[in-house]
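Notes follow the structure.
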Amino acid sequence: MFNIISYLIFIIITFFITIDVGRRCFNAGKLYLEYLIKDEDFCLTVNRILLGSYYLVNLGYISISLSFWGTISSIEELLYTVSNRIGTIVLILCALHFINLFMLYILRKKLTIK
């Protein structure tokens, strides 16, 4: 019983976080890409590919994460497991975000040097 409740809580929260962060990064990322790449159509295409990749990585991790849960037998275990898994998702999102920013920084430096 606790496993089903924890799955539902986890899926609802992580899907909301993933979709919300993805939309925010998609909208804010337009400016960075337009600065780096002067072709607007190409920028939009790259931004959409980044968004799709982002969703696939996160939703894939969420799906895989569900298969590794043990049996949850108390409310304390439920809260610990769900918060631990959500924390991991948030850390993965942060890492992906900073890797993308670092790559954009490197691209920007290369474009300004030429």
Side-chain angles (χ1 to χ4, degrees):
M1 177 70 173
F2 287 117
N3 277 31
I4 294 172
I5 294 169
S6 66
Y7 292 162
L8 291 174
I9 292 170
F10 177 73
I11 288 172
I12 290 169
I13 291 173
T14 54
F15 273 41
F16 174 75
I17 290 171
T18 300
I19 291 169
D20 185 54
V21 170
R23 284 185 184 160
R24 289 174 192 256
C25 289
F26 179 80
N27 292 329
K30 289 177 190 175
L31 297 174
Y32 292 115
L33 289 174
E34 287 175 357
Y35 178 77
L36 292 173
I37 307 167
K38 304 303 180 201
D39 184 6
E40 279 190 39
D41 292 332
F42 186 65
C43 287
L44 184 60
T45 302
V46 169
N47 206 14
R48 285 181 180 157
I49 290 171
L50 286 172
L51 181 65
S53 302
Y54 163 82
Y55 283 150
L56 288 174
V57 166
N58 286 295
L59 297 178
Y61 177 78
I62 290 167
S63 299
I64 290 171
S65 176
L66 288 174
S67 67
F68 290 108
W69 283 15
T71 304
I72 299 173
S73 57
S74 68
I75 296 287
E76 291 84 17
E77 286 181 40
L78 184 144
L79 292 174
Y80 173 77
T81 304
V82 170
S83 63
N84 189 14
R85 301 293 175 147
I86 290 172
T88 304
I89 292 286
V90 171
L91 289 175
I92 289 171
L93 293 178
C94 291
L96 288 173
H97 178 68
F98 283 116
I99 289 169
N100 283 337
L101 286 178
F102 182 69
M103 295 308 290
L104 289 174
Y105 173 75
I106 290 172
L107 285 172
R108 182 177 175 192
K109 272 193 120 172
K110 285 185 179 182
L111 289 176
T112 55
I113 290 174
K114 291 182 179 181

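Excluded from the calculations below are hydrogen atoms, water molecules and symmetry mates; all remaining heavy atoms, backbone and side chain alike, are included.
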[X] side, atom [atom1]; [Y] side, atom [atom2] - distance, nearest 0.5 Å:
| X | Y | atom1 | atom2 | value |
| --- | --- | --- | --- | --- |
| Leu59 | Ile11 | CG | CD1 | 10.5 Å |
| Cys94 | Ile99 | SG | CD1 | 11.0 Å |
| Ile17 | Asp20 | CD1 | CG | 8.5 Å |
| Ile9 | Thr14 | CD1 | OG1 | 11.5 Å |
| Thr45 | Glu40 | OG1 | CD | 11.5 Å |
| Ser65 | Asn58 | OG | CG | 11.5 Å |

Hydrophobic cluster membership, [X] vs [Y], 4.5 Å side-chain cutoff:
| X | Y | result |
| --- | --- | --- |
| Val21 | Leu50 | no |
| Leu96 | Leu33 | no |
| Met1 | Phe10 | yes |
| Leu8 | Ile13 | no |
| Val90 | Leu79 | yes |

Self-check item: N/O donor-acceptor pair under 3.5 Å between Asn47 side chain and Asn27 backbone
Solution: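 Side chain of Asn47 to backbone of Asn27, a donor-acceptor pair under 3.5 Å: no, none is there.
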Quiz item: Under the 3.5 angstrom rule, does the side chain of Tyr54 hit a backbone N or O of Leu93 as a donor-acceptor pair?
Solution: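 No, the answer is negative, given that no donor and acceptor are paired below the 3.5 Å cut-off.
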What is the minimum heavy-atom distance between [X] and [Y], and which atoms define it?
| X | Y | answer |
| --- | --- | --- |
| Trp69 | Arg85 | NE1-NE, 2.9 Å |
| Phe2 | Ile72 | CB-O, 3.4 Å |
| His97 | Cys25 | ND1-SG, 4.0 Å |
| Gly22 | Leu51 | O-CD1, 3.3 Å |

Self-check item: Passing candidate, side chain to side chain contact (heavy atoms under 4.5 Å, CB included) with Ile62, options Val57, Thr18, Ile92
Solution: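 Passing option: Thr18.
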Quiz item: Above 12 or not: heavy atoms from other molecules or residues under 6.0 Å from OH of Tyr80?
Solution: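 Count not over threshold, so no.
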